[in-house]
Amino acid sequence: MSRRTDRVSQQVRVELARILREDSTDPRLRLVTLTRVRVSPDLGNAQVSWSSLSGDEEEAVARVDEALASASGFLRHRLAEALPLRRVPALHFRHDPSMALGAQTLEALRRVSHDASE
């Protein structure tokens, strides 16, 4: 990635997080964390990776995916208002299971530590 796409990716991530936190009325999006945004070199598309504190079960992921898909037009419109870009990228959302995997790893380490101390 170039410095420009890195900078735009960071700006999009920060603004999307703010919009979700302050402007979103959909309760399915309240516990969503944006983990990464990658903007294409032509700034036409943005791949937004997200994770949720509400759980990583298939049903919960599907609900959040549906909410993000239905809100993508609203989110893109708000990005256009907030960012000084001539062209606001189209938003494509993808679930990122890394937070759940990290929590599972920490739990496994706690169990091993607890078993070793006995």
Side-chain angles (χ1 to χ4, degrees):
M1 278 192 178
S2 71
R3 286 178 34 188
R4 179 178 184 223
T5 56
D6 287 342
R7 182 178 46 82
V8 172
S9 295
Q10 179 66 13
Q11 287 177 329
V12 168
R13 189 184 65 76
V14 167
E15 278 303 313
L16 274 178
R18 185 195 62 74
I19 293 166
L20 286 172
R21 185 178 61 249
E22 297 175 4
D23 299 339
S24 175
T25 58
D26 192 332
R28 298 173 292 181
L29 299 178
R30 289 289 176 213
L31 298 176
V32 170
T33 300
L34 302 180
T35 57
R36 182 178 335 140
V37 173
R38 291 195 178 180
V39 176
S40 63
D42 66 352
L43 304 180
N45 293 291
Q47 182 73 38
V48 181
S49 300
W50 62 270
S51 189
S52 177
L53 299 175
S54 64
D56 284 335
E57 299 85 31
E58 280 186 41
E59 185 179 311
V61 169
R63 281 194 312 268
V64 174
D65 260 340
E66 182 183 325
L68 287 169
S70 68
S72 65
F74 166 78
L75 296 171
R76 190 172 183 204
H77 176 75
R78 290 296 175 119
L79 278 177
E81 293 174 344
L83 296 178
L85 298 175
R86 235 183 289 164
R87 184 175 176 195
V88 176
L91 303 174
H92 306 280
F93 295 95
R94 181 178 65 89
H95 178 249
D96 179 4
S98 63
M99 288 179 74
L101 294 173
Q104 291 172 356
T105 302
L106 288 174
E107 182 58 32
L109 289 173
R110 270 191 226 112
R111 281 195 306 258
V112 168
S113 175
H114 179 69
D115 292 345
S117 67
E118 290 182 349

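Since we're looking at a predicted model, the values are computed, not measured. Numbering of residues begins at 1 and proceeds along the displayed sequence.
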Could you walk me through whether Asp23 and Arg78 pass the side-chain contact (heavy atoms from CB on, under 4.5 Å) check?
CA-CA 9 Å; Asp23 299 339; Arg78 290 296 175 119; 3.0 Å; yes
For residues 66-77, which residue pairs pass the salt bridge (charged side-chain N to carboxylate O under 4.0 Å, His left out) check, not counting sequence neighbours?
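For residues 66-77, and leaving out neighbouring residues, the salt bridge (charged side-chain N to carboxylate O under 4.0 Å, His left out) pairs sorted by first residue read Arg28-Glu66.
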Of all the heavy-atom pairs spanning [X] and [Y], show the shortest one and how long it is.
| X | Y | result |
| --- | --- | --- |
| Arg18 | Ala82 | NH2-CB, 4.3 Å |
| Ile19 | Phe74 | CG2-CE2, 4.0 Å |
| Gln47 | Arg94 | NE2-CB, 3.0 Å |

Flag if over 12 foreign heavy atoms under 6.0 Å of CD, Glu59:
no
More than 12 heavy atoms of other residues, nucleotides or ligands under 6.0 Å from CZ of Arg110: is that the case?
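Yes, CZ of Arg110 has more than 12 neighbouring heavy atoms, counting only those of other groups under 6.0 Å.
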Between the side chain of [X] and the main-chain N/O of [Y], is any donor-acceptor distance below 3.5 Å?
| X | Y | result |
| --- | --- | --- |
| Ser9 | Thr5 | yes |
| Ser40 | Asn45 | yes |
| Arg30 | Ser24 | yes |

Under the side-chain contact (heavy atoms from CB on, under 4.5 Å) rule, what do Gln10 and Arg13 come out as? Steps first, then yes or no, please.
CA-CA 5 Å; Gln10 179 66 13; Arg13 189 184 65 76; 3.1 Å; yes
Kindly indicate, with the supporting measurements, whether the criterion side-chain contact (heavy atoms from CB on, under 4.5 Å) is fulfilled by Trp50 and Leu68.
CA-CA 10 Å; Trp50 62 270; Leu68 287 169; 3.5 Å; yes
Mind checking the [atom1]-[atom2] spacing from [X] to [Y]? Nearest 0.5 Å is all I need.
| X | Y | atom1 | atom2 | result |
| --- | --- | --- | --- | --- |
| Arg63 | Glu57 | CZ | CD | 8.5 Å |
| Ser70 | Leu29 | OG | CG | 7.0 Å |
| His95 | Ser52 | NE2 | OG | 7.0 Å |
| Glu15 | Leu85 | CD | CG | 10.0 Å |

Candidates Leu83, Val39, Leu16 - the one meeting side chain to side chain contact (heavy atoms under 4.5 Å, CB included) with Gln11
Leu83
Worked verdict on Leu79 versus Val12 for side-chain contact (heavy atoms from CB on, under 4.5 Å):
CA-CA 7 Å; Leu79 278 177; Val12 168; 4.0 Å; yes
Classify the side-chain pair Thr35/Asp96 by whether it contains a donor and acceptor separated by less than 3.5 Å.
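Short answer, yes.
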Do Leu20 and Val14 share a hydrophobic cluster (ILVMFWY, side-chain heavy atoms under 4.5 Å, transitive)?
no
